[in-house]
Structures are given as structure tokens and as C-alpha cells.
Amino acid sequence: MDFSLNEEQIAWQMKARKFAEEEIRPVSLARDAIAEPADTIDWDLIKKGSRLGFRTSVVSKEQGGHGIDYVTQALVMTELARADSAVSKTFSQCWKWSHLIAAACTDDQKERFLKPFLADDTYVLGFGQTEANSGSDNRMPPPDAPNAGVRLRAELDGDHWVLNGEKQFIAHGNIAKLFFLYVRTDFSVPFTDGTTILLIPNDTPGFSVGKVYNKSGWRFYQNGEMVFEDARVPVANQIGATNAALRKGEGDQSGDMFGDLELAANALGICDAACEQALATIKSRQLRGEPLANQQLVQLKIGRMNMVTEALRAYVMRVAWEHDQKVHSNNAGLAMNLATDTVQEVTELNMDIHDGAGRGMERAADKLARDAFIWSHLAGDTVQRLKVSGRVIRAA
Amino acid sequence: MYNLQLSEEQLAIRDTVRDFVAAEITPVALQPARLEPFDPPLPLDLIETASALGLRSLALDEADGGAGADTLTRCLVAEELAAGDVDVAAVLTETAALGGLLFGQMMSADQRAAHLTDFVEDSGFHLALAAQEPDADSGLGTAYHRPRAARLPVTTATADGDDWVITGNKTRIANAPVARLFVVTAASDAGTVALLVPHDAPGLSVTETPRDGGWYHGAMGDVVLQDCRVPAANRLTGGNRDVSSLDDRGSVLAGTPEGQAINLGVARAAFDAALDYAKLRIQGGRPIVEHQAIGSMLADIAGSLELVRGAVWRAAWDADNPQARADGSLADIPHGLISQVAAADMLYRAAKDAAECFGAMGVMRDMPMQKYIHDTRLFRHSGHGASDARLRLAEALAGHEPR
């Protein structure tokens, strides 16, 4: 196992660090403090990052992207997240579906969607799965509940699918130009056998954005409700076979293989930011003439924060390396679960370091903890843990 | 006799407050319009209504127009109020506790005569302890096991004829924006004095602390005293209580059982919501409470709430019944600090786990779960923070007398 970085990997890491320091960090807290959730995104920042390649990093070189490997992806996500986790996720959300385009789209679909994606700095991608009554069921399909899962109905009408229903809590639901949407195409069988993926441009007739969700953390990262009323989508926009959305097979790199690494690498960036904040605070602050760095409890907290952060880094790099080496393991999911525990502990310890009767909490420390809590609902809730446990048990 | 059986009166008060909260406070507190803004206004109308029920003057003797509520009763009320709205609970509990202290223990007969009627009759009459000063923070263990020289306030009070003239700054004072009467600590020729200062005294001004990022519950502000003049008779002589017990704090609730009871109410609201939802929400073919993973999490939350409630009630009993230590019914250790540390850690964890049951709704600002997390988090980190409380407990175990 060799985690030494080659020149190209270091170059991407440095480019990401520079962009994070010079462009993201200066606007991060101000964006977080905007009350209206649809206004937190900064399109100038997205454009700048896009021009540096952060939006299209994962599209292969042959297809006009940058084709960075998994190790580089992890490095870049961590660096960007160190300045703002939600900004990092806004970029990497585009990578997730770049993987799917590469793996599953036809040449015609690549022509129609990949080209505009590459050309337009504000073209971001989204993925619609969750609905009001299908959240955990989609991620861990219950074998004994045939009515569970995706309910958004798609019916064939000539060469179009006609869609009716809603999607909730969809990342980029209000801003993406293209969505990968899970639709129910057969209600007579469990949704695992009756769900299809469609490509939905945001100007599809009959599609509208509902509510824009107002999250306590990850405020920059947009999230919306999607409403479909007799929305017509060409059959030519279907990815793979009808009813085969959940049968993508082991070779697919779009879903958990990338997504699990993504959440672990992004969390690592938050941990780095928390360690950095805590160290800066204890070195600069004194209480009643006593340097904070002299306090044993403070020292122990600093040690713990750095210990678990570096352990997570080692795991993240191992997972990225395994992905690049095509080593199959359960480590991505386990690292994602661990990232939840780590990022929450580290950001909470950072808050401890910022305690004090004479002030409120540092907004920067508060933001990290709010961002970290998002992991409870993405990466470390019991369903995400059971799902990974299931893989471990099945593999044994 | 150490006995946590609640009296009929305590049960009646608790149930009355619980019904009031369910009918009047919760419907307002759960509205997105109150949950979403970074700077939600203080619901003064609800606080007034609760005052009319007697919750502001709870700790006054019955002869004075209060309910003569002991610490345990005030904890019951604080928990119920906080389960509805933590800001309402914080303002009322602060005034009730300080009211009991001032009118019951610290004021002279003349001072009582001057303020009692106004306090009892005006439902908007709140109280604030203005002791904490900028740059006086000794959190994060910096004062651990050090001899703490008696530290005089930077604020000064100078005798001038029949008046005191006060000058100085007080920071992060609970209830400052709504208080009609302040207790201000200041250094004088006679050492530290505590002075009663009406909110409209010339030379006193209050700046409200911005709520967002302000990291407080209820109401908070900085108080500036510039040649603020009050009559000599406004000096609190302490009655049967030493004025130095007012410490250098910005709230009388710091480290008290009532303060932890507010935290408990918040976490209870989170748990109640999670349990209701877990019974209704169907995933995996059954209500999620029927899945082991969720069921065991709810069991742990319920356990945490009861363990903390036990610690808070024990601390309240300890505060009200010194004989419980004397006869060995209660260990001779700081029960208030123990309940503070337990509440800070266990209730934050409880609120976080409760929110997890809600999936994405757990982080949405128009839903209450994210606020419960914020509110319990605030109890871990406001004041000197839970880590510091642990160290003060350690000092007490070692027999260290901080002053």
C-alpha cells in the first residue's frame, strides 16, 4: 500500500488548497449566515471553481474532463471542505453523476448532456430518489414490504414517459440543470424490480421546483423539492433497461463506491478545519492571563482531535487507493460511518475549546458542528450503518 | 427525610403548567415562523400570560403574593416551560429565582417595601443580575486549583452624599433587555457591594445581544453604567445571605438545578417528538420504533432523561434541605455540579439521537429537531461550559475552597 502522492496529485491538491484559501474561506461564514436558503449559493464562486476544473474533474480526459483518480478526488474534496464543506459538496455532487454518465449513458445521451455540462460553468447535476414516504426504504429495501420505496409514477405514452409525483430533500433540486431521477415504472413488483432511471433536464415541461429546504448546516449546498405534473420525458432519456435502476451490478462506480468515499473525504476536511481553529484559538487566547495552551484538558482535547482526524485520513486514503487499485472491500462504507463519528466528535471538541462565559460561541466553530451534524442523516444514521454491516456480513 | 415523592401541590402546579404549555406555548413555538429566523423575537406576550399564572413570582413567599415554591417545584415548572419554549422558560426562571433570592433573603424591609408591590403586580417586571464583566472569564480550567484572590469588580461605586455613583460595564447579562430592576455589583471603599438599580436610572443603558451567534436563551444584553446614581439605601446588605454569593455571573441560573431543568425540558421535547414520530413513520415495512436500531436509541434517550431528572431533583432537594447531607442521606458533594455535567452531556446526546430518527427533517430549520440540538448544545458550552463545571466538581472533591 503506497500513499505517496505523484506530481499530478500534489498539483491538484495544491490547486484546491489555493482556491479554498483564497476564494472559499473568505466568503464561507457570510454565505452560511444568509437567512434565505435559496440565496446562500454563490454562483461566482461556482464559476471560478468550475474554470479551475473542480466541477468537471471526474469526467474522463477523452470525454473532455480531467479524469482525476480517486486519490486525487479525495484530496480535492478534503481541501475544499476544509474551507467550506458545503461548497466542496456542491462540486463533488457533480462528480458523483459524472461517474454514472461515463458508466451508463449512451453516446447520444453523452452528446446531448455531457457536452453542455462540460461547456457551462453553472451546469450542476442532481439526483432524485428520496420521497416523503420513501427514504430509508430506498437505501435499504425491505424484503417484506412490497409497497415500499419509490412512488413517483412514470407511465409510457408513445415515446415519452409521463411523470407524476414529488421528490423531497433533493440535493440541487432547485438549481441543477440535469437530474438523474428514480421513477417507479412497475407497481406490480417490489420497487427494487420496478424502478427506472431517467435523465431530466430542468426545463422539462411539467417539472417545477417546490420548496427550497432551509437546513441548519451545509447551508451553501442547495436542496429542494421537485414536483412533477404530467411531466413528459423522452424515452431516449432513459438510462439502462426499464425497471433496472437498482440492478446496476457490481461494476457501477456511481453510487456508494464514490458516495461513501465522498462523505468520508469531505468530513476529513471539516476535521482539519476544526483542528486548525482549535490550535489557532489556544495559541492566541488567554483567560485571565493564562494561555489556553497551558491547560491539561485543552491539551488532551487537542491530542484527541488530531488523533482521530489522522486516523480518518489514513482510512480515507486507503479507501481511495483501493478504489484506484480496483480492490474490492467494505472499507468505503465503513470509512463513511467512521467519518460520522469522527467529524462530530472533533467539531464538538472544537466547541469545548471555544467555551467561555464572556462571549457567545465562535460562529466558525458553530458552523463546523452544524455541518458535521448533516452526517447523522447521510452517512452515519442507523440505516447507513446497517447497510454497511450487511455488506460485511454478506461478504464473510 | 430525603423524599422525592411530589406533594399534591407540586403535582398540581406541574400539571397546570403542562396544560398551559400545551395549550398556549407549544402551538406558537413549533411554528416555522418562530423556528426559522436566526433572530426570532422574544415571545413577550407568552411570557406575560405565563406571568399572570404566577410563574414569574413563583419563589416569593405566599404572604408576599408568590407560591412559596421551593427549588424542586421551580425545577418542575422550568422543565415544563422549556418543553414548550426554551426562551420563555429562561426569562421566567431567571426572574423567579432572582425574585426568591432578593425578596426572600437579601432585601431589607425598606427595599422590599419599595419594590414588592410593583414586582408582584406588573407582569412585565423582570429581574437581572448584572455582575459579569468583560475580560473576566475564567473558563476552560484556567482557575483550577489556584487560590482565587478576592477579585474586585472593575465597575466602581462611589459614595456621593446620599447616593452611590456607579460606573462600569457588565456583559452578557441574562434578562437585561427586559429587566425593570438590576442587581449591579461594584467595587467600593467597602469592598464589593451589590446595588439595586432600576432600569430607568439615569446613566444605565442596555444593548441587546444579537440572538444569532449570541449563544444564549431568553434575553441577554450588555449593561453600561455611566455615572449612574442610585440612593445609598439601594445597597443590598444581604440579609441572611452574603452578597458575595452573587459571584461574578451574568445569570443566577448558572450551575443551578433550575438551569439544568430547562435543559431537561428541551431534551424531553425532542424525545417526545421522536417517540411519536417513530410510532407513526413506517419504513422497512413497520413503524420505525419496531426496528431494533431505532428502538434501542429511544430506550437510551428515555434512560438519559430519567437519570438526569434524578440528578436534577436530587440537587434541588439538596438545595432545599441541608439536613439531607447532615444525616448522610445525600453524599456531601456538589449535587448541582453533578447534575450540570450529567445534563450537559447526556441531554445533548439525547437531542442529537432524537433528531436522527427524523432523517432529513432532523436538520431542517422549519422543524424543531435542529433547534433542540442547538439548545442542548448551548447548555454544554454557555457560561464556563461543562468541561469547566467538571473541574469545579474536581476541586470540591479535593476539598479546594475557591474563595
Side-chain angles (χ1 to χ4, degrees), chain A residues 33 35 37 130 133-137 140-148 168-169 213-218 223 286-292 294-298 301 344 348 351-363 365-366 369-370 373-374 376-378 380-383 385-386, chain B residues 32 36-38 132-144 171-172 209-210 212-216 249-250 254 282-286 288 291 293-294 297 348 352-353 355-356 358-366 370-371 373-374 377-378 380-388 390-391:
Chain A
T130 303
N133 289 309
S134 62
S136 302
D137 279 353
M140 205 169 62
D144 52 350
N147 290 322
Q168 279 190 351
F169 309 130
Y213 293 102
N214 192 359
K215 305 190 300 306
S216 57
W218 260 9
N223 194 293
Q286 303 209 334
L287 287 185
R288 293 197 176 184
E290 291 269 353
L292 287 190
N294 287 2
Q295 306 302 320
Q296 274 181 9
L297 272 194
V298 168
K301 282 169 183 166
Q344 292 179 0
E348 285 162 9
M351 278 198 159
D352 283 352
I353 303 274
H354 288 86
D355 281 357
R359 67 185 68 73
M361 180 55 61
E362 294 286 336
R363 189 167 177 106
D366 177 33
R370 282 185 284 110
F373 185 62
I374 297 284
S376 280
H377 303 282
L378 281 178
D381 54 284
T382 52
V383 171
R385 289 179 201 266
L386 285 168
Chain B
E36 284 200 90
F38 291 145
Q132 183 164 271
E133 299 188 337
D135 305 320
D137 193 358
S138 62
L140 287 160
T142 46
Y144 182 62
T171 192
R172 299 181 63 80
T209 308
D212 181 42
W215 212 251
Y216 65 88
R249 292 169 294 174
I282 293 178
Q283 290 289 278
R286 53 181 62 85
I288 59 174
H291 293 286
I294 296 290
M297 202 150 69
Y348 170 61
K352 223 167 139 253
D353 287 348
E356 191 181 313
F358 282 79
M361 285 184 289
V363 304
M364 297 306 170
R365 286 191 63 96
D366 56 348
Q370 52 82 29
K371 184 172 186 303
I373 294 172
H374 174 79
R377 198 178 263 158
L378 204 148
R380 288 183 112 193
H381 301 293
S382 60
H384 285 115
S387 305
D388 197 75
R390 227 178 229 105
L391 289 176

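Below, chain A is the first sequence line, B the second, and so on; all start at residue 1. Because the structure is a prediction, the values reported are computed rather than measured.
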Chain B: which of A:Ala33, A:Pro141, A:Gly217, A:Gly289 shares the most heavy-atom pairs with it under 4.5 Å?
A:Ala33

At a heavy-atom distance under 4.5 Å, which candidate from A:Met361, A:Arg363, A:Lys215 has the highest pair count against chain B?
A:Met361

Side chain to side chain contact (heavy atoms under 4.5 Å, CB included), that's the test. Do A:Asp352 and B:His381 meet it? Break it down for me.
CA-CA 7 Å; A:Asp352 283 352; B:His381 301 293; 2.8 Å; yes

For B:Arg365, is there any backbone N or O sitting under 3.5 Å from a side-chain donor or acceptor partner on A:Ser216?
no

Main chain of A:Arg370, side chain of B:Gln370: is a donor-acceptor contact present, judged purely on distance under 3.5 Å?
no

What part of [X] gets within 4.5 angstrom of chain A, counting heavy atoms only: side chain, backbone, both, or neither?
{"X": "B:Leu391", "value": "side chain"}
{"X": "B:Ile373", "value": "side chain"}
{"X": "B:Arg286", "value": "side chain"}
{"X": "B:Phe38", "value": "side chain"}
{"X": "B:Ala355", "value": "both"}

Using heavy-atom distances under 4.5 Å, tell me whether [X] contacts chain B through its side chain, its backbone, both, or neither.
{"X": "A:Ala148", "value": "neither"}
{"X": "A:Ala369", "value": "both"}
{"X": "A:Ile353", "value": "backbone"}
{"X": "A:Asn133", "value": "both"}

I'd like to know whether A:Glu348 forms a side-chain hydrogen bond (donor to acceptor under 3.5 Å, both in side chains) with B:Tyr348, so could you lay out the CA-CA distance, the side-chain angles of the two residues, the decisive distance to 0.1 Å, and finally the verdict.
CA-CA 11 Å; A:Glu348 285 162 9; B:Tyr348 170 61; 2.6 Å; yes

Quick one: CG on A:Asp381 to CE on B:Met297, what's the gap to the nearest 0.5 Å?
8.5 Å

Shortest non-hydrogen separation from [X] to [Y] and the atoms involved:
{"X": "B:Ser387", "Y": "A:Lys301", "result": "OG-NZ, 2.6 Å"}
{"X": "A:Thr382", "Y": "B:Glu356", "result": "N-OE2, 3.3 Å"}
{"X": "B:Gly362", "Y": "A:Phe373", "result": "O-CE2, 4.0 Å"}
{"X": "A:Pro142", "Y": "B:Gly284", "result": "CB-CA, 3.5 Å"}

Hey, mind stepping through A:Met351 and B:Arg380 against side chain to side chain contact (heavy atoms under 4.5 Å, CB included) and telling me if it holds?
CA-CA 9 Å; A:Met351 278 198 159; B:Arg380 288 183 112 193; over 6 Å; no

Which one, B:Glu133, B:Lys352, B:His291, B:Glu36, leads in non-hydrogen pairs under 4.5 Å with chain A?
B:Lys352

Compare all side-chain heavy atoms of [X] with those of [Y] and state whether any distance is below 4.5 angstrom.
{"X": "B:Phe358", "Y": "A:His377", "value": "no"}
{"X": "A:Leu297", "Y": "B:Tyr144", "value": "no"}
{"X": "A:Asp355", "Y": "B:Asp388", "value": "no"}

A:Ile374 vs B:Val363, side chain to side chain contact (heavy atoms under 4.5 Å, CB included): CA-CA, chis, key distance, verdict:
CA-CA 7 Å; A:Ile374 297 284; B:Val363 304; 4.0 Å; yes

